[in-house]
Number of protein chains: 2
Amino acid sequence: MVSRDQGGEHTDGEFPAVVGGLRMTKQRRAVYQVLLDDRDHPTANDVFRRAQDRMLSISLATVYNCLEALVEHGLVNQVNFDREPSRFCSNLKEHVHFHDEKTGVIHDITFKPGAKLEDLLELPKGTEVTEVELTIRGMLPKQK
Amino acid sequence: MVSRDQGGEHTDGEFPAVVGGLRMTKQRRAVYQVLLDDRDHPTANDVFRRAQDRMLSISLATVYNCLEALVEHGLVNQVNFDREPSRFCSNLKEHVHFHDEKTGVIHDITFKPGAKLEDLLELPKGTEVTEVELTIRGMLPKQK
DNA sequence: TGGCATATTTAGAATAATTCCAATTAGGAC
DNA sequence: GTCCTAATTGGAATTATTCTAAATATGCCA
């Protein structure tokens with residue numbers, strides 16, 4: 001195995017050594033930065049390829065590890081569409097996903113202020129909602 | 001390969017020969033009946049095991065084929081939770097899924113009459129919605 | 001600063017749901 | 001019955017993801 005350095009000093013400019021309780025290694029930084037730079041909901045493999053531009057030596061396994069760590073610490077969301085590979089996004093504001101069937105692009109859509117999803121549903125009263133996942137498929141209006 | 005019969009006559013009681021535009025072979029009938037009997041959102045493998053009770057010779061590949069055909073013809077819905085195996089349900093009424101984190105049971109929840117999801121979201125006007133998929137995780141109230 | 005315990009990274013193997021394939025079998029029309 | 005096409009089948013292939021064991025890096029404390 002080739003000897004590679006893993007960052008040495010903690011803060012090399014961009015991030016503090018710890019973000020959201022997660023120690024920021026060089027690899028985690030690279031993965032996180034990829035997700036902050038382009039918010040187009042890349043797959044783990046997409047992230048891997050992009051992270052390699054920053055860090056030639058990073059491995060796919062590490063990308064998976066880093067993504068898992070980032071998700072667990074709430075810095076990143078993991079999004080699943082049907083049986084497709086998971087996608088990741090760093091948009092932490094509450095939002096739902098709109099899958100444009102024409103372009104394949106995934107847009108983040110926010111709730112209108114004050115909107116409460118629970119009001120629309122026949123949930124037994126007293127139900128505790130911990131997580132909501134909403135995906136919409138369709139087509140955006142023609143031109144723009 | 002052992003010779004097995006595939007149903008011979010068309011209507012053997014339960015279903016017409018064609019349902020929703022889909023020719024009902026013995027295997028498709030068995031798979032469909034499994035989903036009509038127990039609406040607990042079984043996986044393909046669950047369906048396979050249950051279908052075997054009706055038809056010893058059915059294969060897993062066929063169960064996948066049948067499920068695909070049933071889904072394509074709109075007789076059955078395919079439901080995906082995160083990265084878990086797909087689940088299938090024959091409840092065609094519009095509903096969302098509530099995943100009880102304590103019991104693992106998946107409940108079908110309907111919208112309140114007149115509820116319009118689009119009203120809650122910041123969708124560009126003119127957006128055409130073709131499909132909505134909503135999953136909620138949480139806990140139902142205590143006793144009950 | 002050096003040494004140690006622990007956490008992280010890594011390459012590659014393993015896993016699991018699903019799809020594909022090529023061959024057999026069944027169903028319907030004539 | 002015969003022929004044509006559709007459906008079924010077992011097993012191999014695929015693919016995203018997880019696991020494993022070894023190498024490496026980091027933080028801490030003397």
Side-chain angles (χ1 to χ4, degrees), chain A residues 1-12 16-19 21-32 41-49 51-52 54-73 78-88, chain B residues 1-12 15-19 21-32 42-49 51-52 54-73 78-88:
Chain A
M1 227 136 290
V2 185
S3 155
R4 41 202 135 52
D5 82 315
Q6 203 180 112
E9 289 68 50
H10 334 151
T11 42
D12 52 20
V18 174
V19 179
L22 182 65
R23 210 178 82 205
M24 273 293 151
T25 65
K26 194 177 182 186
Q27 287 84 345
R28 285 172 184 164
R29 232 185 294 272
V31 166
Y32 190 26
H41 308 87
T43 64
N45 212 47
D46 294 335
V47 173
F48 173 49
R49 283 188 279 100
Q52 282 187 307
R54 301 170 177 278
M55 209 189 153
L56 204 61
S57 64
I58 199 169
S59 76
L60 180 58
T62 297
V63 169
Y64 272 101
N65 288 341
C66 292
L67 288 170
E68 186 184 29
L70 289 164
V71 168
E72 270 173 3
H73 285 75
Q78 176 168 3
V79 186
N80 298 295
F81 300 119
D82 298 333
R83 299 257 87 224
E84 295 169 22
S86 288
R87 295 167 178 277
F88 298 86
Chain B
M1 231 133 288
V2 185
S3 153
R4 38 200 138 52
D5 82 315
Q6 204 181 111
E9 288 68 50
H10 335 151
T11 42
D12 54 18
F15 291 113
V18 174
V19 179
L22 181 65
R23 211 177 83 204
M24 272 295 151
T25 65
K26 195 176 183 186
Q27 288 82 346
R28 286 172 183 165
R29 232 185 293 273
V31 166
Y32 191 26
T43 64
N45 211 47
D46 294 335
V47 173
F48 173 51
R49 282 188 279 101
Q52 281 186 308
R54 301 170 177 278
M55 210 190 152
L56 205 60
S57 63
I58 199 169
S59 76
L60 180 57
T62 297
V63 169
Y64 272 101
N65 289 341
C66 293
L67 287 171
E68 186 184 29
L70 290 165
V71 168
E72 270 174 4
H73 285 76
Q78 176 168 4
V79 186
N80 298 295
F81 299 119
D82 298 333
R83 300 256 86 224
E84 294 171 21
S86 288
R87 295 167 178 278
F88 297 86

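Residue numbering restarts at 1 for every chain, and letters A, B, ... go by the order of the sequence lines.
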Would you say [X] reaches [N]'s phosphate, i.e. side-chain N/O to OP1/OP2 under 4.0 Å?
X      : N      : answer
S59(A) : dT9(C) : no
S57(B) : dT8(D) : no
T62(A) : dT8(C) : no

Value in whole Å for how far the [atom2] atom of [N] lies from [atom1] of [X]:
X      : N       : atom1 : atom2 : answer
E84(B) : dT17(D) : CD    : C1'   : 14 Å
F48(A) : dT15(D) : CZ    : C1'   : 16 Å
E72(B) : dT19(C) : CD    : P     : 11 Å
N80(A) : dA17(C) : CG    : P     : 16 Å
R29(A) : dT8(C)  : CZ    : C1'   : 14 Å
L67(B) : dT19(C) : CG    : P     : 10 Å
I58(A) : dA11(C) : CD1   : P     : 10 Å
E68(A) : dA16(D) : CD    : P     : 18 Å

Distance, nearest 0.5 Å, that separates [atom1] of [X] from [atom2] of [Y]:
X      : Y      : atom1 : atom2 : result
R29(B) : L22(B) : CZ    : CG    : 10.5 Å
S59(B) : Q52(B) : OG    : CD    : 9.5 Å
Q78(B) : D82(A) : CD    : CG    : 7.0 Å

For the side chain of [X], starting at C-beta, report the closest nucleotide among [options].
X      : options                   : result
A61(A) : dT10(C), dC20(C), dA7(D)  : dT10(C)
R83(B) : dT17(D), dT26(D), dT18(C) : dT17(D)
Y64(B) : dA11(C), dT8(D), dT18(C)  : dT18(C)
S86(A) : dT17(D), dT8(C), dT9(D)   : dT17(D)
P85(B) : dA16(D), dT8(D), dT18(C)  : dT18(C)
R23(B) : dT9(C), dT8(D), dG27(C)   : dG27(C)
L60(A) : dT17(D), dA7(D), dG12(C)  : dT17(D)

- Query: Under 3.5 Å, is there a donor-acceptor pair between the side chain of R28(B) and the main chain of R23(B)?
  - Reply: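 It does hold such a pair.
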
- Message: Could you go through T62(B) and N65(B), starting from their C-alpha distance and side-chain angles, then the distance that decides it, and tell me whether this counts as side-chain hydrogen bond (donor to acceptor under 3.5 Å, both in side chains)?
- Response: CA-CA 5 Å; T62(B) 297; N65(B) 289 341; 4.9 Å; no

- Query: Which is true for N45(A) with a 4.0 Å heavy-atom rule: it touches a base, it touches only sugar-phosphate, or it touches nothing?
  - Reply: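 It contacts nothing in the nucleic acid.
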
- 5′-ward residue of the pair N65(A)/A44(A) relative to DNA chain D: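 Going by which nucleotide is closer to the 5' end, it is A44(A).
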
